[in-house]
Chemist: 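Attaching a single structure in structure tokens format; questions to follow.
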Amino acid sequence: MKVTDRLRFWFGPATQGDVEAPVIHKHDDFEHASEEDLGHFVVESDDEGRHYGVRKEGT
């Protein structure tokens, strides 16, 4: 039995909503806190095309 089969047995199948549906932003406290936390980072890419977050200077 594969690991994914074991996980499916314990947690059930993965539920996927409508992939064509737009993302709904709730604008709740959690979303505002996440935006504030992520605002201290910029996304950079290296020569091989990998992306990573770097903390902005002065934050």
Side-chain angles (χ1 to χ4, degrees):
M1 184 179 271
K2 294 182 179 180
V3 173
T4 54
D5 293 331
R6 291 181 188 157
L7 291 172
R8 188 177 302 118
F9 174 78
W10 288 105
F11 296 107
T15 56
Q16 296 179 345
D18 182 9
V19 296
E20 300 295 323
V23 175
I24 298 172
H25 294 280
K26 297 179 182 180
H27 300 290
D28 57 3
D29 293 337
F30 179 76
E31 185 171 352
H32 291 295
S34 296
E35 288 176 359
E36 184 178 331
D37 288 341
L38 292 174
H40 299 285
F41 294 90
V42 292
V43 176
E44 294 188 1
S45 301
D46 63 11
D47 294 337
E48 296 180 10
R50 294 179 291 222
H51 305 290
Y52 54 95
V54 177
R55 187 176 302 275
K56 290 181 183 177
E57 303 245 349
T59 57

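Only heavy atoms go into these numbers, but all of them, side chains included; no hydrogens, no water, no symmetry mates. What you are looking at is a predicted structure, and each value in this text was computed from that prediction instead of being measured.
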Chemist: Does Glu44 CD have over 12 foreign heavy atoms under 6.0 Å away?
Modeler: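 Yes, because the 6.0 Å sphere around CD of Glu44 holds more than 12 heavy atoms from other groups.
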Chemist: Mind checking what makes side chain to side chain contact (heavy atoms under 4.5 Å, CB included) contact with Leu38, not counting sequence neighbours?
Modeler: none
Chemist: Verify the neighbour count for atom CG of Asp46: are there more than 12 heavy atoms of other residues, nucleotides or ligands below 6.0 Å?
Modeler: yes
Chemist: Counting only pairs under 3.5 Å, give me each side-chain donor-acceptor contact of residues 17-28, with atom names and distances, residues two or more places apart or in other chains.
Modeler:
unit_1, atom_1, unit_2, atom_2, d
Asp18, OD1, Glu20, N, 3.1
His25, ND1, Glu31, OE2, 3.0
Asp28, OD1, Glu31, N, 2.9

Chemist: Do Phe41 and Val43 belong to the same hydrophobic cluster, where Ile, Leu, Val, Met, Phe, Trp and Tyr are linked whenever their side-chain heavy atoms lie under 4.5 Å apart, directly or via other members?
Modeler: no
Chemist: Which pair of non-hydrogen atoms, one from Lys56 and one from Gly39, has the smallest distance, and what is that distance?
Modeler: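 Heavy-atom minimum between the residues: NZ-O, 3.1 Å.
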Chemist: Under the 4.5 Å side-chain heavy-atom rule for ILVMFWY, direct or indirect, which residues accompany Val42?
Modeler: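 Tyr52, Val54, listed by chain and number.
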